[in-house]
**Q** 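One structure, as structure tokens, below. Some questions next.
Quick caveat: nothing in here was measured; it's all calculated off a predicted structure. Positions are given from 1 along the sequence.
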Amino acid sequence: MRRLAIVLSLCVLAGCDARTEVAKKKALEKIDSLLGSMDVKRKEVELSMKALKTGVDGIRKAKIKAQVKHDQIGQRAEPFQARIAQADTTLKKLRDYLVSNEAVEISGKEYSPDQLKKMANDVIAARKSNSDQVAGFDKSQANLKKVVTTLEKRQREYEARIVSLEGQIAQIDTK
């Protein structure tokens with residue numbers, strides 16, 4: 001480009017009309033081709049930005065859904081946790097009765113030591129079942145937390161790429 005400007009200025013100084021016209025025509029062609037390639041580059045960057053912005057929106061929505069599911073699982077686990085606490089309270093009472101190894105009257109009904117042991121085993125089985133349910137919910141929540149973390153990481157990466165592309169557009173615009 002610089003050479004072209006030097007040739008044009010020399011032709012003007014030398015008074016070469018034909019050469020000046022040819023040089024001017026060539027310079028305009030070169031400028032037009034340059035502008036055309038810049039427009040293509042700009043459009044490519046704009047399309048990439050649009051795709052990334054769409055991706056960021058999708059990630060944002062997926063992250064919100066995963067967070068909502070995480071919270072819903074926590075709510076679904078609460079009744080099971082309450083049952084575990086109730087089972088623990090019942091087992092503490094039964095333990096005192098089992099230690100005495102005598103028949104006990106509970107709520108107007110008499111229970112033998114064998115019946116108390118069976119009752120304790122039933123409560124333990126119910127507690128284990130509830131505990132397994134809570135463990136499943138906890139595992140699901142942990143997996144969803146990982147998903148949310150991964151989505152946040154990708155969102156940050158995409159946003160950084162958008163900023164980079166915006167910088168490229170600014171460079172293209174200055175040229």
**Q** If you compare all heavy atoms of Val147 against all heavy atoms of Ala66, which two are closest, and at what distance to 0.1 Å?
**A**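 Val147 and Ala66 have their closest heavy atoms at CG1-CB, 4.3 Å.
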
**Q** Check the pair Met49 / Ile169 against side chain to side chain contact (heavy atoms under 4.5 Å, CB included), numbers first and verdict last.
**A** CA-CA 10 Å; Met49 277 183 48; Ile169 285 180; 3.6 Å; yes

**Q** Mind checking whether Arg127 and Asp88 have side chains closer than 4.5 Å, heavy atoms only?
**A**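 A side-chain contact exists here, since the closest heavy-atom pair is under 4.5 Å.
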
**Q** Could you state the interatomic distance from CG (Leu47) to CG (Leu52), rounded to the nearest 0.5 Å?
**A** 11.0 Å

**Q** Could you walk me through whether Glu110 and Val104 pass side chain to side chain contact (heavy atoms under 4.5 Å, CB included), step by step?
**A** CA-CA 5 Å; Glu110 193 165 313; Val104 178; over 6 Å; no

**Q** Looking only at heavy atoms, what is the nearest atom pair of Leu151 and Ala62, with distance?
**A**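 Where Leu151 meets Ala62 most closely, the heavy atoms are CD1-C, 3.7 Å.
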
**Q** Are the side chains of Thr89 and Lys92 in touch, meaning some heavy atoms are under 4.5 Å apart?
**A**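 Thr89 does not reach Lys92 side chain to side chain.
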
**Q** About how many Å separate CD of Gln81 and OG of Ser131, when rounded to the nearest 0.5 Å?
**A** 10.0 Å

**Q** Test of understanding: with side-chain hydrogen bond (donor to acceptor under 3.5 Å, both in side chains), list the residues that count as partners of Gln155, not counting sequence neighbours.
**A**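 Gln155 satisfies side-chain hydrogen bond (donor to acceptor under 3.5 Å, both in side chains) with Lys63, Glu159 only.
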
**Q** Quick one: do Ile59 and Val148 end up in the same hydrophobic cluster if we chain Ile, Leu, Val, Met, Phe, Trp and Tyr together by side-chain heavy atoms under 4.5 Å apart?
**A**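 As far as the 4.5 Å side-chain criterion goes, Val148 and Ile59 are not connected within one cluster.
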
**Q** Which atoms form the tightest heavy-atom contact between Pro113 and Asn101, and what is the distance?
**A** CB-OD1, 3.6 Å

**Q** Using modelled atom types only, decide if a donor and an acceptor are shared between the side chain of Ser140 and the backbone of Gly136 within a distance under 3.5 Å.
**A**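 Answer holds: yes.
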
**Q** Side chains of Ile73 and Asp138: closer than 4.5 Å at any heavy-atom pair?
**A** no

**Q** Do any pairs count as a ring pair (Phe, Tyr, Trp, His ring centres under 6.0 Å) and have a residue in residues 87-135, sequence neighbours left out, and if so which ones?
**A**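 Non-adjacent pairs meeting ring pair (Phe, Tyr, Trp, His ring centres under 6.0 Å): zero.
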
**Q** Would a distance-only check, ignoring hydrogens and angles, find a side-chain to backbone donor-acceptor pair under 3.5 Å from Ser129 to Ala125?
**A**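 No: the side chain of Ser129 does not pair with the backbone of Ala125.
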
**Q** Taking only residues two or more places apart in sequence, or in another chain, which ones meet Lys118 in a salt bridge (Lys or Arg N to Asp or Glu O under 4.0 Å)?
**A** Asp122

**Q** What pairs with Glu157 under salt bridge (Lys or Arg N to Asp or Glu O under 4.0 Å), at least two apart in sequence or on another chain?
**A** none

**Q** Please identify each residue that fulfils side-chain hydrogen bond (donor to acceptor under 3.5 Å, both in side chains) with Asn143, with sequence neighbours left out.
**A**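 Asn143: no side-chain hydrogen bond (donor to acceptor under 3.5 Å, both in side chains) contacts found.
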
**Q** Side-chain contact, heavy-atom cut-off 4.5 Å: Leu144 with Gln67?
**A**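 A side-chain contact is absent here, since even the closest heavy-atom pair is not under 4.5 Å.
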
**Q** Under the salt bridge (Lys or Arg N to Asp or Glu O under 4.0 Å) test, which residues partner Arg76, sequence neighbours left out?
**A**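 Checked Arg76 against salt bridge (Lys or Arg N to Asp or Glu O under 4.0 Å); zero matches.
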
**Q** Test of understanding: clusters of I, L, V, M, F, W, Y form through side-chain heavy atoms closer than 4.5 Å, transitively. Do Leu98 and Ile124 belong to the same one?
**A**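 Same hydrophobic cluster.
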
**Q** Show me the pairs that pass ring pair (Phe, Tyr, Trp, His ring centres under 6.0 Å) and involve residues 46-76, at least two apart or across chains.
**A** none

**Q** Report, as yes or no, whether the 6.0 Å neighbourhood of atom CZ on Arg154 holds more than 12 heavy atoms from other residues, nucleotides or ligands.
**A**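 Not more than 12 within 6.0 Å, no.
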
**Q** Could you give the distance from CG (Leu91) to CD (Gln86), rounded to the nearest 0.5 Å?
**A** 10.5 Å

**Q** Going by salt bridge (Lys or Arg N to Asp or Glu O under 4.0 Å), name the residues that satisfy it together with Asp71, two or more places apart in sequence or in a different chain.
**A** none

**Q** Can you name the closest pair of heavy atoms from Leu165 and Val45 and give their distance?
**A**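 Closest pair (atom of Leu165, atom of Val45, distance): O-CG1, 3.5 Å.
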
**Q** Within this structure, what is the NZ-CD distance for the pair Lys65 and Gln72, rounded to the nearest 0.5 Å?
**A**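 Rounded to the nearest 0.5 Å, the NZ-CD separation comes to 12.0 Å.
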
**Q** Hey, what do you get for CD (Gln168) to CZ (Arg161), rounding to the nearest 0.5 Å?
**A**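 Taking CD in Gln168 and CZ in Arg161, the distance rounds to 10.5 Å.
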
**Q** Find the distance between NZ (Lys153) and CZ (Arg156) and round it off to the nearest 0.5 Å.
**A**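 Separation between the atoms: 8.5 Å.
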
**Q** Name all pairs fulfilling the ring pair (Phe, Tyr, Trp, His ring centres under 6.0 Å) condition that reach into residues 145-171, sequence neighbours left out, sorted by first residue then second.
**A** none

**Q** Going by side-chain hydrogen bond (donor to acceptor under 3.5 Å, both in side chains), name the residues that satisfy it together with Glu46, two or more places apart in sequence or in a different chain.
**A** Arg42

**Q** Can you list every pair that meets side chain to side chain donor-acceptor pair (under 3.5 Å) and has a residue in residues 51-61, with sequence neighbours left out?
**A**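 Passing the test, one end in residues 51-61: Asp57-Arg60.
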
**Q** Show me the pairs that pass ring pair (Phe, Tyr, Trp, His ring centres under 6.0 Å) and involve residues 115-140, at least two apart or across chains.
**A**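 Passing the test, one end in residues 115-140: Phe80-Phe137.
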
